[in-house]
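Encoded as structure tokens, the structure appears first; notes follow it.
In what follows, chains are A, B, ... by sequence order, proteins preceding strands, each numbered from 1.
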There are 2 protein chains.
Amino acid sequence: MMKHNSENCRSNCPINFVLETFGDKWTLLIIRDLMFKRKKHYGEFLQSDENIATNILASRLRRLEDHGVITRSADPANAAKRLYNLTAKGKGLLPIMLEINAWSAKHDTLTNTPEEFSRRLKVDKEAVIAEVLSALD
Amino acid sequence: MMKHNSENCRSNCPINFVLETFGDKWTLLIIRDLMFKRKKHYGEFLQSDENIATNILASRLRRLEDHGVITRSADPANAAKRLYNLTAKGKGLLPIMLEINAWSAKHDTLTNTPEEFSRRLKVDKEAVIAEVLSALD
DNA sequence: TTATTTCACTTGCAAAAAGCAAGTGGCTGG
DNA sequence: CCAGCCACTTGCTTTTTGCAAGTGAAATAA
């Protein structure tokens, strides 16, 4: 796994720390797919609405693996496929993702987040966290 | 203020919604400076550790204003200066920022977040939110 | 067993964005 | 009125993105 040191980062600010891994238009969409849409294969990430290019996807998956956020492994069901999964570090991003969700639900009138989900998130965030995490295995 | 519609965005996913505004290596650092470091002037943003280029800073400030996250106004104390401030929408990013802080504090051994701050964040997040917000005026 | 298709990538090239250094023009303090 | 500060803009180089096509290993179909 990649180390965080003075050669490869701009500062030791915690906001900057996440930007070094997630500061682009695509990486967080992969996390979303892994976390909420149960996607695990390269081809599934390619099919998301935002249309990520295949070379960008490959480079982002490699970076996430380098940073210890996801793992890449052989798929026992099909040797031509690879399985991508969140590590504990990756799963730890869930509270951030949920706050992002809440902010967008509030400020984007076109958001496709179901009202029911936003409501449950407001009422009992911990329950939503537990539920999403339990679906990840 | 800019509208969110099908011509200028890739999808109506809430994660994607924030990426349209904050999906780059610099924008969130400006929010950090406004929110936690009480910076309000162009020259102050330029002086942060990460060394943002002046043309990039100008374009990001304009984008944030276009998206209704900050305001730009004359500084009554000095007509050569401009004042940048968070709007209510911008202040609403605070829970996201705090979760980012918590994640980095946990996963970055070099983080410069004081332990004291992380501890208080864990113990009483709402109090930290109230405190940061009250310092914003 | 061979042929075709699926899958996870890589490669090459054009377009866009970032990075850097220098310049501009209003305002201020002396 | 002039030197310096302040918030930018401009021009150019380098890096990153975006798009289309290609590759090779493994599955599936004939």
Side-chain angles (χ1 to χ4, degrees), chain A residues 2 7-11 15-16 19-30 33-34 37-67 69-86, chain B residues 2 7-11 16 19-31 33-34 37-67 70-85:
Chain A
M2 230 183 122
E7 272 106 60
N8 59 26
C9 74
R10 302 177 295 181
S11 77
I15 303 300
N16 185 62
L19 292 177
E20 307 271 359
T21 308
F22 302 100
D24 75 281
K25 280 201 155 14
W26 297 107
T27 306
L28 223 50
L29 298 177
I30 299 173
D33 287 350
L34 284 161
K37 308 200 172 181
R38 287 165 213 171
K39 296 186 180 181
K40 292 186 173 311
H41 297 113
Y42 192 91
E44 295 179 295
F45 301 127
L46 276 184
Q47 284 160 28
S48 293
D49 288 345
E50 294 86 3
N51 272 303
I52 190 171
T54 175
N55 56 338
I56 305 292
L57 176 59
S59 80
R60 294 309 183 272
L61 288 170
R62 180 152 34 229
R63 191 166 70 195
L64 286 170
E65 198 191 353
D66 288 345
H67 286 28
V69 174
I70 65 174
T71 56
R72 176 180 176 275
S73 56
D75 186 343
N78 183 336
K81 292 190 175 187
R82 311 275 167 257
L83 274 180
Y84 290 97
N85 279 288
L86 290 165
Chain B
M2 232 185 120
E7 271 105 59
N8 59 25
C9 75
R10 303 177 295 183
S11 77
N16 186 62
L19 292 177
E20 306 272 358
T21 307
F22 302 100
D24 75 281
K25 279 202 157 9
W26 298 106
T27 306
L28 224 48
L29 298 177
I30 299 174
I31 302 297
D33 287 350
L34 284 162
K37 308 200 172 180
R38 286 162 213 177
K39 296 187 180 181
K40 292 187 175 313
H41 298 113
Y42 192 90
E44 295 178 296
F45 302 127
L46 276 184
Q47 284 160 28
S48 293
D49 289 344
E50 294 84 3
N51 272 301
I52 188 168
T54 176
N55 56 340
I56 306 292
L57 175 59
S59 79
R60 293 310 182 272
L61 288 170
R62 180 152 36 231
R63 190 165 72 194
L64 286 170
E65 198 190 353
D66 287 347
H67 287 27
I70 66 174
T71 55
R72 175 181 178 276
S73 57
D75 185 343
N78 182 338
K81 293 190 176 186
R82 311 274 167 259
L83 275 180
Y84 290 96
N85 279 288

Quick check on side chain to side chain donor-acceptor pair (under 3.5 Å): which of Lys81(B), His41(B), Arg82(B) does Asp75(B) satisfy it with? His41(B)
Which nucleotide in the set dA22(C), dA26(D), dT28(C) lies at the smallest distance from any side-chain heavy atom of Ala79(B)? dT28(C)
Please pick, from dG19(C), dT28(C), dC9(C), the nucleotide with the shortest atom-to-atom distance to any side-chain atom of Asn55(B). dG19(C)
Interatomic distance, [X] [atom1] vs [N] [atom2] [rounded to whole Å]:
{"X": "Glu44(A)", "N": "dC7(C)", "atom1": "CD", "atom2": "P", "value": "10 Å"}
{"X": "Trp26(B)", "N": "dC20(C)", "atom1": "CH2", "atom2": "P", "value": "8 Å"}
{"X": "Asp75(A)", "N": "dT6(C)", "atom1": "CG", "atom2": "P", "value": "17 Å"}
{"X": "Arg82(A)", "N": "dT10(C)", "atom1": "CZ", "atom2": "C1'", "value": "14 Å"}
{"X": "Leu46(B)", "N": "dA21(C)", "atom1": "CG", "atom2": "C1'", "value": "14 Å"}
{"X": "Glu50(A)", "N": "dC19(D)", "atom1": "CD", "atom2": "P", "value": "14 Å"}
{"X": "Ile56(A)", "N": "dC19(D)", "atom1": "CD1", "atom2": "P", "value": "9 Å"}
{"X": "Leu57(B)", "N": "dA17(C)", "atom1": "CG", "atom2": "P", "value": "18 Å"}

Nearest non-hydrogen partners of [X] and [Y], listed with the distance:
{"X": "Pro76(B)", "Y": "Leu83(B)", "value": "CD-CD1, 4.0 Å"}
{"X": "Ile52(A)", "Y": "Phe45(A)", "value": "CG2-O, 3.9 Å"}
{"X": "Glu50(A)", "Y": "Trp26(A)", "value": "O-CH2, 3.3 Å"}

For the residue pair Lys37(A) and Ser48(A), confirm or rule out a side-chain donor-acceptor distance under 3.5 Å. no
Which is true for Phe45(A) with a 4.0 Å heavy-atom rule: it touches a base, it touches only sugar-phosphate, or it touches nothing? nothing
Sugar-phosphate only, base, or nothing, as touched by Asn78(A) at under 4.0 Å among non-hydrogen atoms: sugar-phosphate
Can you tell me if the side-chain N/O atoms of [X] get under 4.0 Å from OP1 or OP2 in [N]?
{"X": "Arg72(A)", "N": "dC9(C)", "value": "yes"}
{"X": "Arg60(A)", "N": "dT16(D)", "value": "no"}
{"X": "Arg62(B)", "N": "dT9(D)", "value": "yes"}
{"X": "Tyr84(A)", "N": "dC9(C)", "value": "yes"}

Residue pair Lys81(B)/Lys25(A) against DNA chain D: nearer the 5' end by closest nucleotide is Lys81(B)
